[in-house]
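Residue numbers begin at 1 in each chain, while the letters A, B, ... track the order of the sequences. These numbers come from a predicted model, not from an experiment. Values below: every heavy atom of this structure, side chains too, minus hydrogens, waters and symmetry copies.
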Protein chains: 2
Amino acid sequence: MPFSGKISPLTIQRLSLYLRVLKEYAAMGKVAASSGEIAEATVSTAAQVRKDLSYFGSFGKKGQGYNIDELIEAIEGILGLDRRWKVALVGLGKIGQSLIQFKEFGQIGFDFVAIFEKDPEKIGKSFNGIPIYHIDEMPRVCEEETILIALVAVPAESSEEVFQRVLDAGIRGILNLSGRCCFKPPPHAFIKNVNVAAEIESLSYYLTHF
Amino acid sequence: MPFSGKISPLTIQRLSLYLRVLKEYAAMGKVAASSGEIAEATVSTAAQVRKDLSYFGSFGKKGQGYNIDELIEAIEGILGLDRRWKVALVGLGKIGQSLIQFKEFGQIGFDFVAIFEKDPEKIGKSFNGIPIYHIDEMPRVCEEETILIALVAVPAESSEEVFQRVLDAGIRGILNLSGRCCFKPPPHAFIKNVNVAAEIESLSYYLTHF
DNA sequence: TTATAATTGAGATAAAATTCACAAAAGCAC
DNA sequence: GTGCTTTTGTGAATTTTATCTCAATTATAA
């Protein structure tokens, strides 16, 4: 790795945002951007942008800002997006079905290659061109296909069991949409929780008190 | 309000998680829980749980922990969940369709009462029993129905314009699923961004570097 | 060649968030 | 009632994160 030390997860999330706006800029034909511009587009501050980048190296030119193509390449390298990732979907309910059709995953380098389900009705068929396996087959399929990332979209009740099985199948990164928010992963694995219900509850807090 | 001062958004998010596990406990018939138990269930720490709660009052009993029903009621009060909220869905694409069928919103007090769309094909009809209006009708409908919260699930390209129109319609809380991450709301409004693509990118970072 | 303006990178500083640590209850057993 | 155990609430200490500041660098234009 070209860098050392522990980086805050907040920095990582922001890099992802910076990358988005940089790609927008590139698509517009823009060649350079300053930390101030990037900050404004991501609701951040110039100092924050520079500090985040500085953990990984010096990518800008004093007086000139950042070359957009170079910075895109740098951030993609940092985030490990200079490759493609195979992803499994676990749970083909409403949410799973809608996410698997979501084109942005492919655009940013993540390919769904397997779906795992319990419902015998669905197994053996395919959805959106992706084969549906029984969840028992996860260890075999994930190994054969070298799948390291899973998107878990099962009902909250079954999620705890499913997390365990997913980790046992060799998955190291879980994107959890099950609504069951909290599961402590083993040290070699990572979980990101996306919880729309919790987010709307914080909106309620702010509307109530401000 | 029974409290003063600025509370960290991180505290608010965690209260939401605490509430979830407390409701699980209540459903199991449990009557009391300690900060340690709540912490374990939410992947937090006992001190963090106590500190978060302490910003709003004293809800526990020394040596005994927290009465679950009482604490649920307290947190619901804090978060403004001791009432029901009317919610608009803006954008009836795949994501919008799947979210509006998501039962948990109703269970936690949020009712979809209107859908706004641009597509003339859909307007005038209903989806899942909820009427579909043209987006131009938002100001009128939101006022008549006193809708203060909107879930925005439109394509990233149109989101900037849509945010503006949503705010102009009197909406004060936006849950943004458009993928376009960054929009600075005016001081009386609040935006919560949910960005699955950005989350999966951080997973890539961790798998690459650890 | 020299002034001018823009902007980075990073050390110093400030602010925010988390953890520590412990006195003060509260129940229980005897 | 006394001693033991549990667990809260909170001020203090620590750690983490964000902001500020400015010397150094680059391009530009006179």
Can you tell me how far [atom2] of [N] sits from [atom1] of [X], to the nearest Å?
X      : N       : atom1 : atom2 : answer
E70(A) : dT8(C)  : CD    : C1'   : 14 Å
D52(B) : dT19(C) : CG    : C1'   : 12 Å
Y55(B) : dT8(D)  : OH    : P     : 16 Å
L15(A) : dT17(D) : CG    : P     : 14 Å
N67(A) : dT7(C)  : CG    : P     : 15 Å
F56(A) : dA10(C) : CZ    : P     : 13 Å
I38(A) : dT7(C)  : CD1   : P     : 12 Å
L10(A) : dT18(C) : CG    : C1'   : 13 Å

Considering only side-chain heavy atoms of [X], which listed nucleotide, [options], is closest?
X      : options                   : answer
K51(B) : dG27(C), dT10(D), dG9(C)  : dT10(D)
S58(B) : dG9(D), dC20(C), dT26(D)  : dG9(D)
R50(A) : dT8(C), dT8(D), dT18(C)   : dT8(C)
K62(A) : dT17(D), dT25(D), dT18(C) : dT25(D)

5' priority, DNA chain C, between Q64(B) and R14(B) [closest heavy atom]: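 Going by which nucleotide is closer to the 5' end, it is R14(B).
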Of the non-hydrogen atoms in [X] and [Y], which two are nearest, and what is the gap between them?
X       : Y       : value
F112(B) : L99(B)  : CE1-O, 4.1 Å
D119(A) : E117(A) : N-OE1, 3.0 Å
V152(A) : F163(A) : CG1-CE2, 4.0 Å

Sugar-phosphate, base or nothing in reach of S35(B), heavy atoms under 4.0 Å: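 Here S35(B) touches the backbone only, sparing every base.
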Touch class at under 4.0 angstrom, heavy-atom based, for L53(B) against every strand present: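 Nothing, no nucleic acid heavy atom in range.
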Sequence-distant partners of E160(B), side chain to side chain contact (heavy atoms under 4.5 Å, CB included), two or more places apart: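 Partners of E160(B) under the side chain to side chain contact (heavy atoms under 4.5 Å, CB included) test: R180(B), F183(B).
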[N] phosphate, OP1 or OP2: any side-chain N/O from [X] under 4.0 angstrom?
X      : N       : answer
S8(B)  : dA16(C) : no
T45(A) : dT19(D) : yes
S54(A) : dG9(C)  : no
Q48(A) : dT19(D) : yes
Y66(A) : dG9(C)  : yes

NZ-CG distance between K30(A) and L22(A), expressed to the nearest 0.5 angstrom: 10.0 Å
First encountered from the 5' end of DNA chain D, between A47(A) and F59(B):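 Checking each residue's closest nucleotide, the 5'-ward one belongs to F59(B).
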Distance-only polar pair, side chains of E199(B) and N195(B), donor-acceptor under 3.5 Å: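 No, N195(B) and E199(B) have no side-chain donor paired with an acceptor closer than 3.5 Å.
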